[in-house]
Amino acid sequence: MQDFKGKVAFITGGGSGVALGQAKVFAKAGMKVVIADIRQDHLDQAMAYFEQTDAQVHPIRLDITDRKAMAEAADETERVFGPVQLLCNTAGVSIFGPMQQATYEDWDWIMNVNVGGVINGIQTFVPRMIEYGKGGHIVNTASMSGFTPMTGTGVYCTSKFAVRGLTESLRIDLEPHHIGVSVLCPGAVNSNIHEAVRTRPQHLANTGYYHEDEEIMKGLKAVIEPGLDPVILAEKVLEAIRNNELYIIPYAEFREPLIELHNLVLSVLPDPKDDPDMMKRVEAIQKSRSPQRQDAG
């Protein structure tokens with residue numbers, strides 16, 4: 001996707017934070033933008049901003065874990081602006097603490113939103129994008145926690161590793177349809193993700209961590225406040241879409257940890273000269289892939 005003017009973007013979580021930054025940047029680039037968010041107050045605040053501009057932005061209140069509602073949001077988007085050509089599965093939630101303290105409800109909440117929400121976006125919009133036949137792009141938001149686990153991030157980290165793997169695979173599958181796919185892996189962003197527990201559904205309220213504890217949320221905010229401004233991050237996303245880049249990671253502080261991680265992986269791999277059966281496995285894999293690639297073409 002090189003030209004953004006007049007094209008339609010659908011952004012989950014678009015009422016605030018990283019997603020609102022994307023909405024601002026994409027609208028400025030001339031796109032028609034739908035912001036979908038579970039919080040009406042965030043949608044209202046976002047629209048108060050856009051109403052002072054000449055941007056074409058439409059709000060939809062949406063729980064991304066609700067598949068029927070997602071399909072209805074897609075229908076509404078098409079009625080208002082037309083077919084979606086840029087899908088940003090940006091909405092996400094977080095909670096932190098030792099994995100051994102997690103409840104089933106902690107797992108269900110995080111996985112339903114962070115993974116299930118992305119899957120619902122893909123299942124809803126990708127067939128429509130393919131049928132429309134004019135290419136496009138998808139940006140799924142993972143996290144640096146999709147590469148580098150840290151203490152207390154296990155449940156969140158699991159969800160973001162899943163989004164990263166999903167995105168890497170989706171890029172291969174959608175290449176024949178001229179639909180680019182990127183995974184955004186933010187580090188710290190000056191957003192309001194620390195308030196995510198306020199959207200937690202009542203039937204998943206049982207937690208091994210914390211509820212709406214103001215002191216805990218204040219501490220979390222202090223950690224992310226020095227992070228990138230969402231608009232600056234979104235400008236990086238726009239450029240990555242233009243260049244059809246798989247990874248969007250504009251955080252220099254993660255360079256050394258990623259080098260160490262990938263060196264560790266490489267260090268346990270055998271040298272090809274010490275693995276005489278390697279070529280047999282490679283040839284078998286290539287044979288299994290060839291018919292799929294022919295069918296895709």
Side-chain angles (χ1 to χ4, degrees), residues 1-64 66 69-92 117-118 120-122 124-126 128-129 132 134-141 167 179-184 186 189-193 228-245 248:
M1 183 180 288
Q2 297 292 318
D3 182 20
F4 296 90
K5 191 173 180 61
K7 293 181 179 176
V8 179
F10 185 95
I11 307 171
T12 66
S16 68
V18 171
L20 179 56
Q22 292 171 351
K24 290 177 178 179
V25 169
F26 299 155
K28 187 177 180 180
M31 299 194 79
K32 302 172 184 177
V33 178
V34 170
I35 53 173
D37 203 291
I38 195 171
R39 288 182 57 167
Q40 187 62 49
D41 59 332
H42 284 173
L43 288 173
D44 292 343
Q45 291 164 15
M47 290 309 297
Y49 166 84
F50 286 116
E51 284 165 2
Q52 304 302 313
T53 73
D54 59 357
Q56 297 185 71
V57 179
H58 179 72
I60 298 177
R61 190 168 185 183
L62 174 66
D63 176 353
I64 62 171
D66 185 333
M70 183 73 81
E72 290 171 349
D75 291 341
E76 182 175 338
T77 299
E78 291 177 359
R79 285 196 303 270
V80 174
F81 286 146
V84 168
Q85 290 156 282
L86 173 59
L87 170 65
C88 293
N89 290 308
T90 309
V118 173
N120 292 343
I122 290 167
T124 300
F125 285 97
V126 166
R128 296 172 188 238
M129 293 171 79
Y132 188 50
K134 295 189 177 181
H137 205 95
I138 297 169
V139 179
N140 296 326
T141 296
T167 306
I179 298 173
V181 183
S182 302
V183 59
L184 171 61
V189 184
N190 186 11
S191 69
N192 59 352
I193 195 171
L228 278 184
D229 181 277
V231 169
I232 293 175
L233 181 59
E235 289 169 348
K236 304 290 185 182
V237 173
L238 186 76
E239 189 63 22
I241 294 170
R242 198 173 266 128
N243 295 328
N244 193 25
E245 295 173 358
I248 310 172

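Legend: residues meeting salt bridge (charged side-chain N to carboxylate O under 4.0 Å, His left out) with Arg242, ordered by chain and number and at least two apart, are Glu239. Checked against side chain to side chain contact (heavy atoms under 4.5 Å, CB included), Ala240 has the following partners two or more places apart in sequence or in another chain: Glu245, Ile248. Applying the side chain to side chain donor-acceptor pair (under 3.5 Å) criterion to Thr124, with sequence neighbours excluded, gives no partner residue. Every residue two or more places apart in sequence or in another chain that forms a side chain to side chain contact (heavy atoms under 4.5 Å, CB included) with Pro186 is listed here: Thr141, Leu184, Val189, Leu233, Tyr251. Every side chain to side chain contact (heavy atoms under 4.5 Å, CB included) that Pro83 has, sequence neighbours left out, goes to Tyr132. Applying the side chain to side chain contact (heavy atoms under 4.5 Å, CB included) rule to Asp54 yields no partners; only residues at least two apart in sequence or on another chain are considered. Considering only residues two or more places apart in sequence or on other chains, Phe26 meets the ring-ring contact (aromatic ring centres under 6.0 Å, His included) condition with none of them.
Interatomic distance, Asn243 CG to Leu238 CG, rounded to the nearest 0.5 Å: 9.5 Å. We find the CG-NZ distance between Leu228 and Lys236 to be 8.0 Å, quoted to the nearest 0.5 Å. Atom NZ of Lys32 sits about 14.5 Å away from atom CG of Leu86, to the nearest 0.5 Å.
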Derivation and outcome, side chain to side chain contact (heavy atoms under 4.5 Å, CB included), residues Ser182 and His137: CA-CA 8 Å; Ser182 302; His137 205 95; 2.8 Å; yes
From CA spacing to verdict: side chain to side chain contact (heavy atoms under 4.5 Å, CB included), Tyr49, Leu20: CA-CA 10 Å; Tyr49 166 84; Leu20 179 56; 5.6 Å; no
CA sep, side-chain torsions, deciding dist, call: Val25, Val237, side chain to side chain contact (heavy atoms under 4.5 Å, CB included): CA-CA 9 Å; Val25 169; Val237 173; over 6 Å; no
Criterion side chain to side chain contact (heavy atoms under 4.5 Å, CB included) on Ile35 and Leu43, from CA distance to verdict: CA-CA 8 Å; Ile35 53 173; Leu43 288 173; 4.0 Å; yes
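Counting only residues at least two apart or in different chains, side chain to side chain donor-acceptor pair (under 3.5 Å) contacts with residues 22-31 comprise Gln22-Thr90. Listed by first and then second residue, the salt bridge (Lys or Arg N to Asp or Glu O under 4.0 Å) pairs that reach into residues 33-46 are Arg39-Asp41, Arg39-Glu195, sequence neighbours excluded. Here side chain to side chain donor-acceptor pair (under 3.5 Å) pairs that include residues 69-86, with residues two or more places apart or in two chains, are His58-Glu76, Lys68-Glu72, Asp75-Arg128, Glu78-Arg128.
The shortest distance between side-chain heavy atoms of Ile138 and Phe125 does not fall below 4.5 Å.
In this structure, Gly121 and Met70 approach most closely via the heavy-atom pair N-CE, 3.8 Å. Ala19 and Gly13 make their closest contact through CB-O, 3.0 Å (heavy atoms, listed as atom of the first residue, atom of the second, distance).
The side-chain hydrogen bond (donor to acceptor under 3.5 Å, both in side chains) test with Asn89 singles out one residue from Thr167, Asn140, Asn120, and that residue is Asn140.
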